Amino acid sequence: QIGEVYVLNLRDGEKAMMSYVPPDQPLRPLPASSPLLYLSAYTLLAPNAGQQIAETCARLVEQGAQLVFDLAPLVQQMDTALLQRLVALSRIALGNEEEWSAVFHTKHSEEGARAALKLGAGSVHLKRGERGSLLFRADGSRAEFAAQPSQPRSSAGAGDAYTAAVLAAHASGHTETWAAMLASHCGALHTEQRPDAENIALLQAYLTALQP
């Protein structure tokens, strides 16, 4: 009933992830240390999430881990205090307009994103679907990224594609601006629901175009 954990090793590029494990599945031990970890807010639906999830992440951050925290559509059903604590611990926090508004009980999602920075988040991504995304930084700056041109068939999974791109860019040492541009492209590309081979070819062409 705790979490399934994969530790990111920057040398081999293994993805870091914590996800909920159903009670009938065997538990995996939590890591003693981690340079970078990704946490979905869905883990807060697990029993005793405060101790098993939030406290564990806090210890890892104290040891030097960089936390990438991704909000989830069910944030209204989660403990707001735990959500805000994990946001405060985050090197990068991501969410859409509804999620950021819900976590900080604001009418406007940008107010929620700025509240996250005040709590201590290093940077905040605000995903806005067809209107692109916003990036808020701890230094008070803000950048807007237009949605990439696409012919969408379904938006399902586009937010996950955005988050995955941010993770990959951060783990590779790219700037936050570069990561947000790549993420906006990947989110839009995913909505077209193309076969994997086509997606890979289109992504490679985009990455080549981004080279200086």
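Numbers for residues simply follow the sequence, beginning at 1. Bear in mind the structure is a predicted one, so any value in this text is a computation, not a measurement.
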Full working for side-chain contact (heavy atoms from CB on, under 4.5 Å) between Val166 and Leu94: CA-CA 9 Å; Val166 170; Leu94 308 99; 3.9 Å; yes

Distance check, rounded to the nearest 0.5 Å: [X] atom [atom1] versus [Y] atom [atom2]?
X	Y	atom1	atom2	result
Ile200	Leu207	CD1	CG	11.5 Å
Leu67	Ile92	CG	CD1	9.5 Å
Leu182	Leu203	CG	CG	6.5 Å
Glu99	Gln76	CD	CD	8.0 Å
Tyr42	Met78	OH	CE	6.5 Å

[X] and [Y]: which non-hydrogen atoms are nearest, and at how many Å?
X	Y	result
Ala138	Ala121	CB-O, 4.2 Å
Ala41	Leu83	CB-CD2, 4.0 Å
Ala168	Ser172	O-OG, 2.8 Å
Ala54	Leu86	CA-CD2, 4.1 Å
Ala165	Cys186	CB-SG, 3.9 Å

Glu130: partners by side chain to side chain donor-acceptor pair (under 3.5 Å), with sequence neighbours left out: none

Listed partners of His125 passing side chain to side chain donor-acceptor pair (under 3.5 Å), at least two apart: Tyr162

Applying salt bridge (charged side-chain N to carboxylate O under 4.0 Å, His left out), which residue pairs with at least one partner in [range] are found, sequence neighbours left out?
range	answer
residues 153-173	none
residues 178-193	Glu192-Arg194
residues 39-49	none

Set of side-chain contact (heavy atoms from CB on, under 4.5 Å) partners for [X], sequence neighbours left out:
X	result
Ala146	none
Ala88	Leu119
Gln51	Asn48, Glu55, Arg59
Glu176	Arg91, Ser123, Leu135, Arg137

Pair Asn96-Leu126, side-chain contact (heavy atoms from CB on, under 4.5 Å): steps then yes or no: CA-CA 5 Å; Asn96 63 29; Leu126 174 56; 5.7 Å; no

Residue pair Ile53, Leu44: steps toward the side-chain contact (heavy atoms from CB on, under 4.5 Å) verdict: CA-CA 7 Å; Ile53 303 298; Leu44 297 183; 4.1 Å; yes

Within-4.5 Å side-chain heavy-atom neighbours: Val68 and Leu37: no

Test item: Val87 and Trp100 side chains (from C-beta on) under 4.5 Å apart, heavy atoms: yes

Please confirm whether the backbone N or O of [Y] pairs with a side-chain atom of [X], one donor and one acceptor, at under 3.5 Å?
X	Y	answer
Thr43	Leu39	no
Thr175	Trp178	yes
Glu198	Pro195	no
Thr191	Ala188	yes

Test: Asp70 and Lys127 ion pair at under 4.0 Å: yes

Salt bridge flag under 4.0 Å for residues Glu144 and Arg128: yes

Stepwise side-chain contact (heavy atoms from CB on, under 4.5 Å) check, Tyr206 with Leu189: CA-CA 11 Å; Tyr206 181 76; Leu189 181 62; over 6 Å; no

Only pairs under 3.5 Å count here: list side-chain donor-acceptor contacts from residues 101-109, not counting sequence neighbours, and write none if there are none.
from   : atom 1 : to     : atom 2 : distance (Å)
Ser101 : OG     : Glu97  : O      : 3.1
Ser101 : OG     : Ser109 : N      : 3.3
Thr106 : OG1    : His108 : O      : 2.9

Residues which pass ring pair (Phe, Tyr, Trp, His ring centres under 6.0 Å) with Phe69, listed by chain and number, not counting sequence neighbours: none

For Glu98, salt bridge (charged side-chain N to carboxylate O under 4.0 Å, His left out) partners two or more places apart: none

